[in-house]
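Reviewing the structure listed below.
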Amino acid sequence: MPKFFFHMSMILSEQEQVRRASLHEMQQLGINPYPPEAFEVNTTTETILANFKEGSETFSHVSIAGRIMSRRIMGAASFCELQDATGRIQLYVKRDDICPGEDKTLYNTVFKRLLDIGDIIGVTGFVFVTQMGEISIHINSLKVLSKSLRPLPIVKEKDGQLFDAFTDPEQRYRMRYVDLIVNDQVKNTFLKRTKVINVMRDFFNSKGYLEVETPILQPIPGGAAARPFITHHNALDIPLYLRIANELYLKRLIVGGFDGVYEFAKDFRNEGMDRTHNPEFTVLEIYVAYKDYLWMMDFTEDLLVNVVETVQGNNSVLIDGKEIVFSKPFRRVPILEAIREHTGIDVAGMDEKQLIAVCRQLGIEVDDSMGKGKLIDQIFGEKCEHHYIQPTFITDYPVEMSPLCKRHRSNPELTERFELMINGKEIANAYTELNDPIDQRMRFEEQLRLSERGDSEAMFIDQDFLRALEFGMPPTSGMGIGIDRLVMLITGQTSIQEVLFFPQMRPEKIKKAMSHEMFTEIGVPEEWARQLIQAGYQTIESFKNEKPQVLQQKLNGLRKKNKLDIPAVQLEEIMLWFGNL
RNA sequence: GAUUCGUUAGCUCAGUCGGUAGAGCAUAUGCCUUUUAAGCAUAGGGUCCCGGGUUCGAGUCCCGGACGGAUCACCA
């Protein structure tokens, strides 16, 4: 239980009050609006709509449950739309069919008056086609399964055009449950997300690689360059960090003798939030022993072609009006060549001073904390990255940028690394992993020097990881894919919040509705205290500063408006309350 | 963080020159046995984001603030 108790007198809108009254009336009629027993469902709207043929007996006894999404009441017969997990179907509700006896309460009172849009019901009946040609269920029983106390936004649709759409991103993300109920496409995005992950998992399992779990709480946040979240473990009295990557743990498992390990991991980075960044995000990382980054490029191509073909049904996706085609082989471009291609400058072999000069020449901002690696990264990011729309492997990054990556077999200034760029953004990152423990230690120490220069993202030294490498890690290739960004790409979404069920939001401002007790304490009768809250006096201050005459007018106005069955308030009473302040 | 736009009924949105706050849907009531975003009719529903200021008078003008969107910059 949370430690916080909000003492609030809830101010309900008219519609919420009506729904609570309906709930109460149902209970008076002996109907449990939240029954405990299971309701047997024997089909789905999707199954019916896909398979019903007029005249067939297949759907003559259906039992189905879902949420009421619209109602058209026409007297002794009505139509309403029921939405289940698979879609919507129209119900035809005829009074004498759901109320075969004398008692017509279930139809006249419960269905027509006490049920609302948003309520969850279970029905049985038979499927037929209306005169308008719509496949519908003619129901013969109806059971209330859950009463909804808040009105849903009502979104309507005709020929693909939406009316009164629920589109405010803040509302949609904060109340994703509502978004999922009323915005049909939203569900599809998340179904695709799960499908992407399942296809990847199947692909890895079919190769015999092992899905593993590694620590989220880490004493040293390693494996990437980023600012971590920090927390504290009470029993050990040490700081712990939420992981920014799981790379170093997966490599320990390769040391331990597994041939291939992978993890769909939540990583956490204490950085800015925008349409491509959420503080927690999902990354797939996979490590395979006895392979190199060239092998990993082929593997990544196979993986992504497989994912896109399975999820999309073809080999392309459409995003920002651009068609992106996934077919082997993807283009491969060394980073220095990419820079030469887009700037005309050959930065190979340049030292820090020369690189800074190049950045200045190209109008790229630099600062003192930047080393060679970061400068080159900056040039690539500014001048090249956005050009790579079709899947392209950018390879052979400078050694300073990649402290966990093995030096290039033909040039020790470079590393055996690739990033996969799609639609101008990085989707995957992979190395021939550095397994030389002495080189690894030197690279960490270089990071430490960067850190001392003020690079807050430089890596920490993980002594246990170095110890593991010293026992010997087989040559290994590793690869990571940002799952959220991959899903954005495949679903054509341009913001990460659209592919996360519950993106991080600024805490909601809870409007402090003060309790009416603070007014009763100074002698205001209960009923008037409630009216004061409604009149907008939410603090004693605002109340105290009001003129007694104004208060009297407002309260008696509310008395008339709300048809209160109490005598009008007198000025003397109000003066008495003020006296008690 | 910068720029810019926005915040009005349960929802989607109008609101002119500063002068009694509006529409559609939703809700309530009445009528109605196959309707198609909306069956017909009537009614109720507002802290115009918050706080100051100008003014006889502010949803509207000015200042400050909160929250959100979009764009840009940094990180996956």
When you compare the protein's N or O atoms with those of nucleotides 28-38 of chain B, which come within less than 3.5 Å of each other, and at what distance?
| residue | atom | partner | partner atom | Å |
| --- | --- | --- | --- | --- |
| B/rC32 | O2 | A/Met74 | O | 2.9 |
| B/rC32 | N3 | A/Met74 | O | 3.4 |
| B/rC32 | N3 | A/Gly75 | N | 2.7 |
| B/rC32 | N4 | A/Gly75 | N | 3.4 |
| B/rU33 | O2 | A/Tyr92 | OH | 3.4 |
| B/rU34 | O2' | A/Gln131 | OE1 | 2.7 |
| B/rU34 | O2 | A/Gln131 | N | 3.2 |
| B/rU35 | O2 | A/Arg72 | NE | 2.4 |
| B/rU35 | O2 | A/Arg72 | NH2 | 3.1 |
| B/rU35 | N3 | A/Gln90 | OE1 | 3.0 |
| B/rU35 | N3 | A/Gln90 | NE2 | 3.1 |
| B/rU35 | O4 | A/Gln90 | NE2 | 2.2 |
| B/rU35 | O4 | A/Thr130 | OG1 | 3.2 |
| B/rU36 | O2 | A/Glu134 | OE1 | 3.0 |
| B/rU36 | N3 | A/Glu134 | OE1 | 2.5 |
| B/rU36 | O4 | A/Thr130 | OG1 | 3.0 |
| B/rA37 | OP1 | A/Lys158 | NZ | 3.1 |
| B/rA37 | OP2 | A/Lys158 | NZ | 2.3 |
| B/rA37 | O4' | A/Glu157 | O | 3.3 |
| B/rA38 | OP1 | A/Arg72 | NH1 | 2.8 |

When rounded to whole Å, the CG to C1' distance for the pair A/Asp274 and B/rA2 reads 14 Å
Using Watson-Crick geometry (N1-N3 plus N6-O4 or O6-N4) or G-U wobble (N1-O2, O6-N3), each under 3.5 Å, B/rG59 is paired with none
Using the P atom on both, measure B/rC17 against B/rC13 and round to a whole Å.
23 Å
**Asked** Quantified in whole Å, what is the P atom distance between nucleotide B/rU20 and nucleotide B/rA66?
**Response** 33 Å
With a distance cut-off below 6.0 Å to the six-membered ring centre and an angular limit of 45° from the axis, does A/Arg417 pair with A/Tyr397 as a cation-pi contact? yes
Review point. Heavy atoms, side chains only, cut-off 4.5 Å: are A/Phe264 and A/Met200 in contact?
Key: yes
With heavy atoms under 4.0 Å as the rule, sort A/Glu382 into base, sugar-phosphate or nothing. sugar-phosphate
5'-most contact on RNA chain B (nearest-nucleotide basis), A/Pro169 vs A/Arg19, goes to A/Arg19
- Query: When the C1' atoms of B/rU55 and B/rG22 are considered, how many whole Å apart are they?
  - Reply: 25 Å
Point to revise | Interatomic distance at C1', B/rG68 relative to B/rC32, whole Å | key: 45 Å
- Has the side chain of A/Lys192 got a donor or acceptor atom that lies under 3.5 Å from a matching backbone atom of A/Val487? no
Practice problem: With the side chain counted from C-beta on, respond yes when A/Glu247 and A/Glu433 share a heavy-atom pair under 4.5 Å apart, and no when they do not. | Solution: yes
pair_partner(B/rC17), Watson-Crick or wobble, both distances < 3.5 Å, evaluates to none
message = For A/Glu498 and A/Ser495, which I'm curious about, is there any donor-acceptor pair between the side chains at under 3.5 Å?
response = no
Discussion item. Taking the C1' atom in each of B/rU47 and B/rU42, what is the distance between them to the nearest angstrom?
Written reply: 29 Å
pair_partner(B/rC11), Watson-Crick or wobble, both distances < 3.5 Å, evaluates to B/rG24
Taking a pair to mean Watson-Crick or G-U wobble geometry with both distances below 3.5 Å, B/rG68 pairs with B/rC5
Query raised in the report: Side chains of A/Tyr293 and A/Thr415: is there a donor and an acceptor less than 3.5 Å apart?
Result: no
Atom CD1 of A/Ile496 and atom P of B/rC75 are separated, to the nearest Å, by 16 Å
*Under the side-chain hydrogen bond (donor to acceptor under 3.5 Å, both in side chains) criterion, do A/Thr491 and A/Thr189 qualify, and how do the steps go?*
CA-CA 6 Å; A/Thr491 57; A/Thr189 301; 5.1 Å; no
On a whole-Å scale, what distance lies between the C1' atoms belonging to B/rA9 and B/rG44? 11 Å
To the nearest angstrom, the NE2-P distance between A/His386 and B/rC72 comes to 12 Å
Under a 3.5 Å limit on both distances, the Watson-Crick or wobble mate of B/rG46 is none
Rounded to whole Å, the CD-P distance (A/Gln171 to B/rC49) equals 15 Å
Rounded to whole Å, the CD1-C1' distance (A/Ile154 to B/rG10) equals 9 Å
A/Phe268 CZ to B/rC75 C1', in whole Å, measures 17 Å
Self-check item: Pair A/Gln90-A/Tyr92, side-chain donor/acceptor within less than 3.5 Å
Solution: no
Original post:
Which part of the nucleic acid does A/Asn270 contact within heavy-atom distance under 4.0 Å: base, sugar-phosphate only, or nothing?
Top reply: nothing
To the nearest angstrom, the CZ-P distance between A/Phe166 and B/rG68 comes to 16 Å
NA contact type, A/Glu285, heavy-atom cut-off 4.0 Å: base, sugar-phosphate, or nothing? nothing
In whole angstroms, the gap separating P of B/rA26 from CD of A/Glu16 amounts to 18 Å
As its Watson-Crick or G-U partner within any shown strand, both distances under 3.5 Å, B/rC32 has none
Of A/Ala165 and A/Ile117, the one whose closest nucleotide on RNA chain B sits nearer the 5' end is A/Ala165
**Q.** P gap between B/rC25 and B/rA21, integer Å
**A.** 24 Å
| Is any side-chain N or O of A/Gln378 closer than 4.0 Å to OP1 or OP2 of B/rC74? | yes
Check: Quick check: does any side chain N or O of A/Thr282 sit under 3.5 Å from a backbone N or O of A/Ala265, one acting as donor and the other as acceptor?
Finding: no
Between B/rC5 and B/rA41, how far is it from one P atom to the other, in whole Å?
-> 42 Å
